[in-house]
Amino acid sequence: MTFTPRTTTVHGRRLRYLDAAPAGEANRGTLVLLHAFPMNARMWEPQLVLAASGWRIVAPHFRRFGEDGAGDPPATSIDDYAADVVDLLDSLDVGAAVVGGLSMGGYAAFAVLRRAPEIVRALVLADTKPQADPPDAIEGRQKMQRLATESGPSAVVDEMIPKLLGQTTRAGRPALVAEVRALAASSSGDAIVGALAAMMSRPDSTSTLQGLTCPACIIVGAEDTVTPPAIAEEMHGAVPGSQLSVIAAAGHLSNLERPDAFNRAVGRFLNTL
Ligand code: MLT
């Protein structure tokens with residue numbers, strides 16, 4: 001099973017995404033996976049196996065991320081990402097989809113929900129949070145934008161690695177650390193600066209979360225220090241009937257650090273739909 005890189009043009013805008021067809025006869029629907037910062041859609045490769053249970057997987061690259069992103073317009077808000085996701089799903093004619101986002105991808109999933117709730121059949125919120133950035137976080141984002149511009153993507157990645165990966169991964173899995181570093185460092189300075197602008201200006205999504213009417217699955221790495229388990233538990237408390245999975249020995253990029261446990265949690269949730 002592999003992802004096929006695809007491009008479609010909507011309203012004159014080129015949208016790039018990875019696509020995996022559901023295996024076998026069954027087509028149980030579409031699972032859209034929205035990537036974290038400063039990664040790209042390739043971070044979802046360990047989730048490809050979910051296609052084996054009959055789900056089409058669509059993973060868009062946010063503006064300027066991923067291969068061939070240089071021609072995209074810059075992102076200025078999280079709504080830019082959400083608008084692209086809505087346009088993409090519209091053009092694929094898939095109807096309502098399960099929308100999953102990890103961290104920044106979760107911020108974008110909230111924005112999709114505000115923009116086009118009818119296309120969200122269910123939600124997977126992984127290692128993310130509904131709160132907007134407080135002033136000190138905005139200052140940190142601005143500093144990181146300067147770092148990206150002045151010193152390049154790899155300087156940003158050096159700063160991000162301890163936040164992205166849990167202690168267990170960093171101590172014992174150098175190959176995975178190198179893989180994540182390479183994927184993140186392949187992002188351009190422009191993609192990074194745009195994502196930081198989008199994240200620092202994003203609105204608070206607490207009321208979006210509280211108003212949720214679709215099924216929701218919340219996942220968090222037990223060693224996540226960016227969006228720690230306490231935040232996931234709060235989200236779980238705010239959404240009656242939601243499923244919560246805390247993944248041991250995983251940090252912020254729980255889908256990459258413990259794909260087996262992550263896929264089990266998502267698979268269990270998809271089986272309830
Ligand atoms: C991410 O993983 O997408 C970012 O760490 C999120 C953030 O910085 O808020």
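In each ligand, atom 1 is the first atom listed, and ligand 1 is the first ligand listed.
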**Request:** Tell me, please: is Met160 in heavy-atom contact with ligand 1, that is, under 4.0 Å?
**Result:** yes

**Asked** So which of Arg141, Lys129, Met200, Met43 gets nearest to atom 8 (O) of ligand 1, if we judge by its closest heavy atom?
**Response** Arg141

**Item:** Verdict with reasoning, Phe62 to Asp84, per side chain to side chain contact (heavy atoms under 4.5 Å, CB included)
**Value:** CA-CA 8 Å; Phe62 288 133; Asp84 292 345; over 6 Å; no

**Message:** Measuring from atom 5 (O) of ligand 1, which candidate in His252, Met104, Lys163 has the nearest non-hydrogen atom?
**Reply:** His252

**Request:** Identify, for atom 4 (C) of ligand 1, the protein heavy atom at the shortest distance, and state residue, atom and that distance.
**Result:** Ser103 OG, 3.3 Å

**Prompt:** How far apart are the closest heavy atoms of Leu89 and Ala97, and which atoms are they?
**Reply:** CD1-CB, 4.2 Å

**Fill in**
atom 9 (O) of ligand 1: closest protein heavy atom, distance to 0.1 Å, is Tyr107 OH, 2.6 Å

**Message:** Is it the case that the side chains of Arg268 and Ser245 hold a donor-acceptor pair, with the cut-off being a distance below 3.5 Å and no angle test?
**Reply:** yes

**Prompt:** If every non-hydrogen atom of Asp68 is compared with every non-hydrogen atom of Arg14, which pair is closest and at what distance?
**Reply:** O-NH2, 2.9 Å

**Residues Asp133, Arg141: salt bridge by 4.0 Å N-O rule** = yes

**Item:** Any N/O pair Gly105/ligand 1 closer than 3.5 Å
**Value:** no

